[in-house]
Amino acid sequence: MRARPSPNIWNTPELYELENRAADPHGRIPAAMRELGDWAGRTVLDLGCGSGFHLPLWAECAQRVIGVEPHPPLVALARRRTKRLRNVTVAKGMAEALPLPDASVDVVHARWAYFFGPGSEPGLRELDRVVRRGGTAFVIDNDPTRSTFGAWFHRGFPEVDPVAVERFWSMHGWRRRRIDMGWSFDSREALEAVVRIELPPAAAEEALASHTGTEVDYAVNLWWRDF
C-alpha cells in the first residue's frame, strides 16, 4: 500500500509552513470544531498531520494527541516540533491502515489529507474502527463553489465535482459547516509562493495576475460526523 503523494507539502514543506501560518487568521475552524466536538481532556488523532503544525494547538487541552503521517521526512519534522510536548506522539502510518487500536480516539482532525470524497471509503472504515462511541471526526476541504480561492481552485482542478463530493459525504452520514477562513500573508512574495504550490502553473499565474495584496477570501467545508 502506497501513500497518495501531497506534492505541495511533500516537495516544499517550508512554503507549506507559510500557508499554514496564513490560513484562518481568526481561528474560525477550531472554533467550529470546539462547538461540535470539543477535544478538552480527550484523545485527538491528527490524521495526515504533515509537519505537525496543528499538534501543539490540540495539545494545549487534550489529554493525548496522536499525529499520523505517511511521509517519513514530515514525520521527522512533526516529531521535532513536538519533542517537548509530553502528551503528543507522532507515528508513521496511512489513513487506510491506522497504527492504532480499536476505539482508541475521541476526536479526529484531517485537513486537506486523503479524505477528498469518492475513493476514501477505506479511510472511513478505519475511522469507524478507531473512533470511540461519542467521538467526532472532522474533515476540512476546499469549497470550490464560492470565495476567491474557491474560484481559483475550480479553474485549476475542474475535475473536482462539488456536487459528487457533497453527495458522497451525505451518503456516509456526514454533515457540513461552511466556513469563511481566509488567507492573510505577511508579504506578497509569500502569497505568490504559496499560490504556485497549490495550483497548476497556468491557473496560478492567472490567479496572481487578477489579484492584488496579501489577503485572499477563502471558503472551506468542515465535514463532521458523530460516532
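Quick note: residue numbers are just sequence positions, from 1.
The existence of a salt bridge linking E96 and R125 is excluded, since no basic side-chain nitrogen approaches an acidic carboxylate oxygen closer than 4.0 Å. We find that R21 and D186 are not joined by a salt bridge, their nearest charged nitrogen and carboxylate oxygen being 4.0 Å or further apart. Salt-bridge annotation for D128 and R225: present, with a side-chain N of the basic residue lying under 4.0 Å from a carboxylate O of the acidic one. At a threshold of 4.0 Å, the pair E206-R155 counts as salt-bridged, since one of the basic side-chain nitrogens sits closer than that to a carboxylate oxygen. Of the charged side-chain nitrogens involved, at least one lies within less than 4.0 Å of a carboxylate oxygen, so that D226 and R175 count as a salt-bridged pair.
Pairs of residues two or more places apart, or lying in two chains, that qualify as ring-ring contact (aromatic ring centres under 6.0 Å, His included) and include a residue from residues 189-216 are W152-H211.
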Take R176 and L222, measure what side chain to side chain contact (heavy atoms under 4.5 Å, CB included) needs, and give me the verdict at the end. CA-CA 6 Å; R176 173 169 58 181; L222 174 68; over 6 Å; no

Let me see the working for Y218 and N142 under side chain to side chain donor-acceptor pair (under 3.5 Å), right down to the final yes or no. CA-CA 8 Å; Y218 191 144; N142 292 314; 2.4 Å; yes

Chi angles and distances behind the side chain to side chain contact (heavy atoms under 4.5 Å, CB included) call for V220, D143: CA-CA 5 Å; V220 298; D143 183 349; 5.6 Å; no

Is there a side chain to side chain contact (heavy atoms under 4.5 Å, CB included) between R177 and E35? Walk through the geometry before answering. CA-CA 11 Å; R177 175 75 63 90; E35 176 188 338; 3.2 Å; yes

Let's go through Y114 and S120 carefully: what are the C-alpha distance in whole Å and the side-chain angles of both, what is the deciding distance for side chain to side chain contact (heavy atoms under 4.5 Å, CB included) to 0.1 Å, and is it a yes or a no? CA-CA 7 Å; Y114 178 84; S120 59; 3.5 Å; yes

Check the pair D180, R146 against salt bridge (Lys or Arg N to Asp or Glu O under 4.0 Å), reporting the backbone distance first and the verdict last. CA-CA 9 Å; D180 296 303; R146 59 197 189 90; 2.6 Å; yes

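Under the 3.5 Å distance criterion, the side-chain polar atoms of S147 are matched with a main-chain donor or acceptor of G150. Formation of a donor-acceptor pair under 3.5 Å by the N87 side chain with backbone atoms of A59 is found in this model. In this structure, the side chain of R129 engages the main chain of L98 through a donor-acceptor pair within 3.5 Å. Judged by distance alone, with hydrogens and angles left aside, the side-chain atoms of R81 form a donor-acceptor pair with the main-chain N or O of S51 at under 3.5 Å. The closest donor-acceptor contact from the side chain of N221 to the backbone of R178 lies at 3.5 Å or more, if one exists at all. In this structure a side-chain-to-backbone donor-acceptor pair under 3.5 Å is present from D106 to T43. Side chain of S170 to main chain of R167: no donor-acceptor pair is present (N/O by atom type, distance under 3.5 Å, no hydrogens or angles).
Placement of F53 and I197 in two distinct hydrophobic clusters is found when ILVMFWY residues are connected by side-chain heavy-atom separations under 4.5 Å, directly or transitively. Hydrophobic clustering (side-chain heavy atoms under 4.5 Å, transitive across Ile, Leu, Val, Met, Phe, Trp, Tyr) groups I29 together with L36. One hydrophobic cluster, built from ILVMFWY side chains closer than 4.5 Å, holds both L74 and L57. There is no path of hydrophobic side-chain contacts, each under 4.5 Å, that joins V139 to F116.
The aromatic rings of F115 and W169 sit tilted, their planes meeting at an angle between 30° and 60°. Using cut-offs of 30° and 60° on the angle between ring planes, the pair W183 and F185 is perpendicular.
Annotation: side-chain hydrogen bond (donor to acceptor under 3.5 Å, both in side chains) contacts of R188 (sequence neighbours excluded): E192. Every residue meeting the salt bridge (charged side-chain N to carboxylate O under 4.0 Å, His left out) condition with E205, not counting sequence neighbours, appears here in chain and number order: R196.
Ring to ring, W224 and F138 are not that close: their centroids are 6.0 angstrom or more apart. Residues W58 and W39 place their aromatic rings such that the two centres sit under 6.0 Å apart.
Closest approach of V107 and D38 over heavy atoms only: CG2-O, 4.0 Å. In plain terms, the two heavy atoms of V44 and A62 that are nearest each other are CG2-CB, 3.9 Å. The heavy-atom pair separating V68 from M94 by the smallest distance is CG1-N, 4.2 Å.
None of L55, D46, I66 except one satisfies the side chain to side chain contact (heavy atoms under 4.5 Å, CB included) rule with V88; the exception is L55.
Between the CD atom in E69 and the SG atom in C49 there is a gap of 5.5 Å [rounded to 0.5 Å].
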